[in-house]
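Along the sequence shown, residues are numbered consecutively beginning with 1.
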Amino acid sequence: MKYLKTIAAITLLAISANTFAEEEDLALSYGDEDFVSIATGQSQLISKAPAVASVITAKDIKKMGAIDINEVLETVPGLHVSVNSSYTPVYTIRGIYSKYNPQVLFLINGVPISSLYYGSRGLVWGGMPVEAITRIEIIRGPGSAVYGADAFAGTINIITKDKSNIQGTEVGVYAGSFDSKSTWLNYGGNLADFDLSTSIQYVTTDGHKEIINSDLQTGLDMADSTSASLAPGAVSLSRDSLDLRLEMSKGNWKTRLGLQESENIGTGAGVAEALDPSGRFKSSRRNFDITYRNPEFTENWDIESQASYFYTTQEIDENLILFPAGSELNLGAGTFTNGVIGNPEVFEEHVRFNTSAFYKGLETHTIRIGAGYVDSEIFKVGEGA
């Protein structure tokens, strides 16, 4: 299945041209904690942004002691992090909720990591460690004028570290409950004439063992006079994840590579809301983007263009047991002696190109002209048993 989309837009932004120099001076003096770029596509003070926005910096993340992106986002007012039956995160903004969460657009360095199949980050998330993150920008409310229909409830943009955010070589490890361990390495330096930064982090955990007293199979057992349910039992939240980031920049050009490989991902409370302690997912996310930004293209024009590629998969590590052995499901087919096994797999790739031009020649307004092209394809699907 292939999906093509071309977008063009002209936006009038109520930003005084005289404020750009003032904001740059403030950034130099106080840092950029109070600046946000996803509201209009251009960095500006949060107080002047035409959106309800929040910014969380690496310093904030370190202070709160968070080790995963979901722990960070839970601290944002107006954004609630819940989970579905497989414990995939659901980001609810202003009370807008759905099981697969397609109404909140999730970006890494401005590039969507949405699944075409689900419209969200996919059924297999696998978490995202925080040591590579320099800041998180969140819009609570519609962002469709800038990012399209997928952002009608809100937008979350993860910005990863570059050379300026890393002091030479940084190494760290941690260990915690539920056999949780992680090690990470960040490096910032130069390669020939290029600024270079890289970040790598590996996380492994058995996950917490919350007890589910009754599940969907419990109700089916009552209807079918069976005893197949594994409840009471613990949720399955194990995962092993590798997060790798590489960035090179020179002048107006910047190139980024990203790799997220996750395996041994537990099924939470069960994909079909019936406990499954043995089923395991795995997932791969790979992204590449190249960006050209020239804030002084001409006297009054600031331009930015980006081309990106994103590859994502949902794969099966160990058979998913949708309903346990001994289940009947009221289908008249007798007892499923090995349980009901379902192994859905999806492979996708996305190619995007977008460009924006900001005209700053007006005294009290900035005009943004933008166009984009998206070519998305589900090139392989499978269902095994």
Side-chain angles (χ1 to χ4, degrees), residues 1-3 83-90 98-102 113-128 203-207 212 215-221 224 226 228-231 233-242 259-286 310-350 376-385:
M1 182 173 67
K2 206 162 189 175
Y3 172 70
V83 294
N84 57 28
S85 62
S86 58
Y87 277 58
T88 300
V90 176
S98 66
K99 181 177 180 180
Y100 295 116
N101 207 204
I113 61 166
S114 300
S115 162
L116 185 62
Y117 188 84
Y118 294 99
S120 64
R121 295 158 303 284
L123 182 62
V124 185
W125 173 233
M128 182 175 179
V203 177
T204 181
T205 180
D206 288 342
I212 302 296
D215 60 2
L216 180 58
Q217 184 61 47
T218 303
L220 295 174
D221 284 344
D224 298 334
T226 56
S229 176
L230 300 178
V235 295
S236 176
L237 297 176
S238 64
R239 67 182 172 98
D240 303 323
S241 298
L242 174 69
L259 173 67
Q260 289 178 296
E261 296 284 346
S262 300
E263 58 184 19
N264 192 34
I265 302 174
T267 59
V271 175
E273 301 182 21
L275 289 173
D276 174 17
S278 62
R280 294 291 186 273
F281 284 108
K282 63 180 178 179
S283 177
S284 177
R285 294 185 181 90
R286 305 167 192 172
F310 175 60
Y311 168 89
T312 180
T313 72
Q314 171 186 301
E315 302 175 70
I316 304 302
D317 222 357
E318 297 288 343
N319 283 340
L320 303 185
I321 310 299
L322 305 185
F323 294 96
S327 177
E328 290 189 0
L329 301 184
N330 277 320
L331 298 178
T335 300
F336 291 86
T337 56
N338 295 320
V340 179
I341 301 173
N343 293 332
E345 296 189 318
V346 181
F347 296 76
E348 304 179 21
E349 57 184 5
H350 307 257
S376 298
E377 181 179 9
I378 300 176
F379 64 90
K380 180 182 176 182
V381 294
E383 175 69 49

Original post:
Passes side-chain contact (heavy atoms from CB on, under 4.5 Å), Tyr311 versus Phe379? Steps please.
Top reply: CA-CA 11 Å; Tyr311 168 89; Phe379 64 90; 3.6 Å; yes
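- Minimum interatomic distance between Pro324 and Ala228 (heavy atoms only, all atoms of both residues): CG-O, 3.3 Å.
- Between the side chains of Ser241 and Gln260, not a single donor N or O lies within less than 3.5 Å of an accepting N or O.
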Subject >> Step-by-step side-chain hydrogen bond (donor to acceptor under 3.5 Å, both in side chains) determination, Glu348 to Ser376 >> reply: CA-CA 7 Å; Glu348 304 179 21; Ser376 298; over 6 Å; no
Original post:
So Glu315 and Phe281, side-chain contact (heavy atoms from CB on, under 4.5 Å) or not? Walk me through it.
Top reply: CA-CA 6 Å; Glu315 302 175 70; Phe281 284 108; over 6 Å; no
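- Between the side chain of Ser86 and the backbone N or O of Gly268 there is no donor-acceptor pair closer than 3.5 Å.
- Here the side chains of Leu329 and Leu220 are in contact, with some heavy-atom distance below 4.5 Å.
- Ion pairing between Lys380 and Glu345 fails under the 4.0 Å rule for side-chain N and carboxylate O.
- The backbone N or O of Thr313 lies less than 3.5 Å from no partner atom in the side chain of Ser284, so there is not a single donor-acceptor pair.
- The backbone N or O of Ser229 sits less than 3.5 Å from a side-chain atom of Asp221, completing a donor-acceptor pair.
- In this structure, Ser327 contributes its side chain and Phe336 its backbone to no donor-acceptor pair below 3.5 Å.
- Counting only N and O atoms by type, the side chains of Arg121 and Thr88 include no donor and acceptor under 3.5 Å apart.
- Side chains of His350 and Leu116 form a contact here, defined as non-hydrogen atoms less than 4.5 Å apart.
- When side chains are defined from C-beta on, Tyr117 does not count as touching Phe347, because their heavy atoms never get closer than 4.5 Å.
- Interatomic distance, OH of Tyr100 versus CG of Asn84, reported as 7.5 Å (0.5 Å rounding).
- Rounding to the nearest 0.5 Å places CG of Leu275 at 7.5 Å from OG1 of Thr218.
- A distance of 5.5 Å separates CG of Asp317 from NZ of Lys282, quoted to the nearest 0.5 Å.
- With contacts defined as side-chain heavy-atom distances shorter than 4.5 Å, the pair Asp276/Leu320 qualifies.
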**OP:** Step by step, work out the side-chain hydrogen bond (donor to acceptor under 3.5 Å, both in side chains) result for Asp240 and Thr204.
**Re:** CA-CA 4 Å; Asp240 303 323; Thr204 181; 2.5 Å; yes
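- Interatomic distance, Lys99 NZ to Ser85 OG, rounded to the nearest 0.5 Å: 5.0 Å.
- Using a 4.5 Å cut-off on side-chain heavy atoms (C-beta onward), Asn319 and Asn343 make contact.
- Atom OG1 in Thr335 sits 11.5 Å away from atom CG in Asn338 (nearest 0.5 Å).
- Side-chain atoms of Thr312 and Arg286 include no donor-acceptor pair closer than 3.5 Å.
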Original post:
Does the side-chain contact (heavy atoms from CB on, under 4.5 Å) test come out yes or no for Asp206 and Leu237, once each step is laid out?
Top reply: CA-CA 6 Å; Asp206 288 342; Leu237 297 176; over 6 Å; no
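- Between Val124 and Ser283, the shortest heavy-atom contact is CG1-CB, 3.5 Å.
- Side-chain N/O atoms of Gln314 and Tyr118 include a donor and acceptor closer than 3.5 Å.
- For the salt bridge (Lys or Arg N to Asp or Glu O under 4.0 Å) test, no residue two or more places apart in sequence or in another chain qualifies with Glu349.
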**OP:** Please report the C-alpha distance between Ile321 and Ile341 in whole Å, then the side-chain angles of each, then the deciding distance to 0.1 Å, and finally whether the side-chain contact (heavy atoms from CB on, under 4.5 Å) criterion is met.
**Re:** CA-CA 5 Å; Ile321 310 299; Ile341 301 173; 3.7 Å; yes
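- Scanning both residues, Phe310 and Ser114, for their nearest heavy atoms gives CE2-O, 4.0 Å.
- Val271 is listed as a side-chain neighbour of Leu322, based on a closest heavy-atom distance under 4.5 Å.
- To the nearest 0.5 Å, atoms CD (Gln217) and CD (Glu273) are separated by 12.0 Å.
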Subject >> Worked verdict on Glu263 versus Arg239 for salt bridge (Lys or Arg N to Asp or Glu O under 4.0 Å) >> reply: CA-CA 6 Å; Glu263 58 184 19; Arg239 67 182 172 98; over 6 Å; no
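- Annotation: side chain to side chain contact (heavy atoms under 4.5 Å, CB included) contacts of Pro277 (sequence neighbours excluded): Leu230.
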